[in-house]
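As structure tokens, the structure follows; a few thoughts come after it.
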Amino acid sequence: MSPTLILGTGMTGLAAGWASGLPVYEAREEPGGICSSYYVRPGEKERLPNPPEDDEVYRFEIGGGHWIFGGDPLVLRFIRTLTPVKRYQRKSAVYFPERNLFVPYPLQHHLGYLGKEIAAQALAEMLTGPKKNPHTMADWLESSFGPTLTELFFGPFHDLYTAGLWRRIAPQDPYKTPVSPQLAIQGAFDRTPPVGYNVTFVYPVEGLNALAQKMAERCRIHYNKHMVAIDVKKKEVFFDDGTGERYETLISTLPLNKVMEMAGLEVDEPADPYTSVLVLNLGAERGPGCPDEHWLYIPRSKAGFHRVGFYSNVDVSFLPRSAREQNNRVSIYVERAYLGGEKPSEAEIAQYVENVIAELQSWGWIGEVEVADPTWIEVAYTWSWPGSRWREKALRLLEEHDILQVGRYGCWKFQGIADSISQGLVAGGVHKWVA
């Protein structure tokens, strides 16, 4: 029996394993979780964990674009000791398909793109509109930006992004949608400086899988160990291959709701909601109207997606080697949200893929598609009900049973890769020295 086990080899679990030397259990065959790159040759379907020698492959990520923003300088230094990284300036925008209009992000600081009438109305509402204590995300958006911008963008986008939950869930992560009256006024008439939590970001030169693999080299990882149950009384975890492991303490990076279910534990409040995401990775000919942005927020789409990201607009290394000089191909991820657990059927996914391709082609963004590869992310975004204390109670109850939840999904709280690595290093380091 090991005194402490680590569950999951996402960035947090890998960092904990790297810092502690404790055994790590992973359900998949490769490390990295959803923050892991893979490669597909044009015209083929097989996912390769590493690029072939000729490098004639598209690079994708399992969970869509995951860029490393923010973070403690020491953590970024740690990342650079493992694998070289490049720094990028964010290029993102809102896209209105019905007008073929691109408005730089954040929308509220670039009102001049919307026309004088809309800009004046939106400014008046933002500056003089009634402010109230928001109960839901919808309340917060309308109170912050007014009915005009909420109807134009924030409402339809968040309806897609939250799979309809935005009218019922609590306000969350306001730093993602900065509010500055001064910049709103300036943006109605002139250029404004970039703002937000991800103005700059870094990314490993050889892909996120290189970072994951470098951390994994120093870890004791047991692959293909998909946990199905936890006996909190006997302190034993069980895997779907029929095996089990005893423990004294668990460091878990698995989603908080799933760990509560597997442990058979409940608190006196309903679990907070989550949304699933279908990530569609596409490798295609670059269309004549293909944008230059890194990612775009889409408030309305026929296929139901809310964001389109362009890996290869960040770096051409996401393209097959022969396409990089002319940049005549594009590597894309497309995200669509669903209420937690409402996975579409295989036939529905196939139809959705066709619809997305047709819509992007009609916009002139892509030509012939060479790779179309969808991935279902069961727990993608975590939310909270207004006034909920489920998260705090669940974390406390698990800790009472010596199960310590860490990481973005373990703690049910949005954070980036750098912060997740930092939390893993702390968790692993503490257990190494106090064990």
Side-chain angles (χ1 to χ4, degrees), residues 10 27-30 32-36 38 40-48 58 60-66 97 156-169 224 226-229 239-241 254-262 270-284 298-309 311 331-363 365-366 368-383 409:
R28 299 171 60 243
E29 296 180 355
E30 299 286 340
I34 64 171
C35 295
S36 184
Y38 67 96
V40 181
R41 287 188 178 278
E44 298 185 6
K45 295 184 177 181
E46 181 185 5
R47 293 184 177 185
L48 306 174
Y58 287 97
F60 303 117
E61 291 177 10
I62 290 175
H66 281 81
F157 172 77
H158 282 84
D159 191 56
L160 293 175
Y161 173 45
T162 68
L165 289 174
W166 71 297
R167 294 190 182 278
R168 296 191 288 145
I169 55 178
N224 296 309
H226 181 260
M227 191 176 71
V228 294
F239 303 101
D240 64 357
D241 61 4
L254 307 186
L256 181 57
N257 62 334
K258 302 300 182 183
V259 174
M260 288 288 286
E261 292 174 9
M262 287 186 285
D272 283 334
Y274 69 95
T275 45
S276 305
V277 166
L278 184 60
V279 176
L280 174 59
N281 285 321
L282 296 173
I298 317 290
R300 296 172 182 85
S301 67
K302 294 178 182 178
F305 52 84
H306 64 271
R307 179 160 55 187
V308 179
Y311 299 112
S331 180
I332 293 178
Y333 60 96
V334 183
E335 299 180 10
R336 176 177 174 174
Y338 296 78
L339 288 175
E342 295 190 358
K343 184 178 181 180
S345 67
E346 292 301 315
E348 290 170 330
I349 291 175
Q351 184 60 60
Y352 169 73
V353 171
E354 289 186 16
N355 294 342
V356 170
I357 291 172
E359 190 162 5
L360 295 182
Q361 288 174 334
S362 74
W363 294 351
W365 290 9
I366 61 173
E368 182 180 351
V369 173
E370 298 178 315
V371 176
D373 189 35
T375 299
W376 178 257
I377 308 298
E378 174 61 22
V379 180
Y381 292 101
T382 58
W383 313 100
Y409 297 108

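Computed from heavy atoms alone, side chains included, the values below leave out hydrogens, waters and symmetry copies.
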When you compare the side chain of [Y] with that of [X], does any pair of heavy atoms fall below 4.5 Å?
X: Leu282; Y: Trp365; answer: no
X: Leu360; Y: Val334; answer: yes
X: Arg168; Y: Trp383; answer: no
X: Val40; Y: Asn281; answer: no
X: Thr382; Y: Asp272; answer: no

Pairing residues for [X] by the side chain to side chain contact (heavy atoms under 4.5 Å, CB included) criterion, not counting sequence neighbours:
X: Ser36; value: Ile62, Asn209
X: Asp240; value: His226, Val228
X: Pro374; value: Leu278, Leu280, Ile349, Val353

Could you tell me which residues satisfy side-chain hydrogen bond (donor to acceptor under 3.5 Å, both in side chains) with Trp363, sequence neighbours excluded, listed by chain and number? none
Could you tell me which residues satisfy side-chain hydrogen bond (donor to acceptor under 3.5 Å, both in side chains) with Asn355, sequence neighbours excluded, listed by chain and number? Gln351
Backbone N/O of [Y] and side chain of [X]: donor-acceptor pair under 3.5 Å:
X: Tyr38; Y: Glu46; result: no
X: His158; Y: Pro156; result: no
X: Glu359; Y: Ser301; result: no
X: Ser331; Y: Gly283; result: no
X: Tyr161; Y: Trp166; result: no
X: Arg336; Y: Ala303; result: yes

Sequence-distant partners of Tyr274, ring-ring contact (aromatic ring centres under 6.0 Å, His included), two or more places apart: none
Contacts of type ring-ring contact (aromatic ring centres under 6.0 Å, His included), residue Tyr338, not counting sequence neighbours: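 If we apply the ring-ring contact (aromatic ring centres under 6.0 Å, His included) test to Tyr338, skipping adjacent residues, the hits are Trp376.
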If you take all heavy atoms of [X] and [Y], which pair is closest and at what distance?
X: Asp241; Y: Asn224; result: OD2-O, 4.3 Å
X: Gly341; Y: Ser276; result: N-OG, 3.1 Å
X: Gly64; Y: Val279; result: N-CG1, 3.6 Å
X: Gly304; Y: Leu160; result: O-CD2, 3.8 Å
X: Arg41; Y: Val371; result: O-CG2, 3.6 Å
X: Ala337; Y: Val277; result: CA-CG2, 4.2 Å

Check step by step if side chain to side chain contact (heavy atoms under 4.5 Å, CB included) holds for Tyr409 and Lys258. CA-CA 10 Å; Tyr409 297 108; Lys258 302 300 182 183; over 6 Å; no
Which pairs count as salt bridge (Lys or Arg N to Asp or Glu O under 4.0 Å) when at least one residue sits in residues 340-349, sequence neighbours excluded?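 Non-adjacent pairs meeting salt bridge (Lys or Arg N to Asp or Glu O under 4.0 Å): zero.
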List for me each residue that meets salt bridge (Lys or Arg N to Asp or Glu O under 4.0 Å) alongside [X], sequence neighbours excluded, and say none if there are none.
X: Arg47; answer: Asp373
X: Glu335; answer: Arg307
X: Glu370; answer: Arg329
X: Glu354; answer: none

Can you tell me how far apart OG1 (Thr162) and CZ (Arg167) are? Round to the nearest 0.5 Å.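 Answer rounded to 0.5 Å: 10.0 Å.
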Can you tell me how far the CG atom of Asn257 sits from the CD atom of Glu378, to the nearest 0.5 Å?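 Output value for this atom pair is 8.0 Å.
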Tyr333 ring center near Phe60 ring center (under 6.0 Å):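 Tyr333 vs Phe60: aromatic centres not under 6.0 Å.
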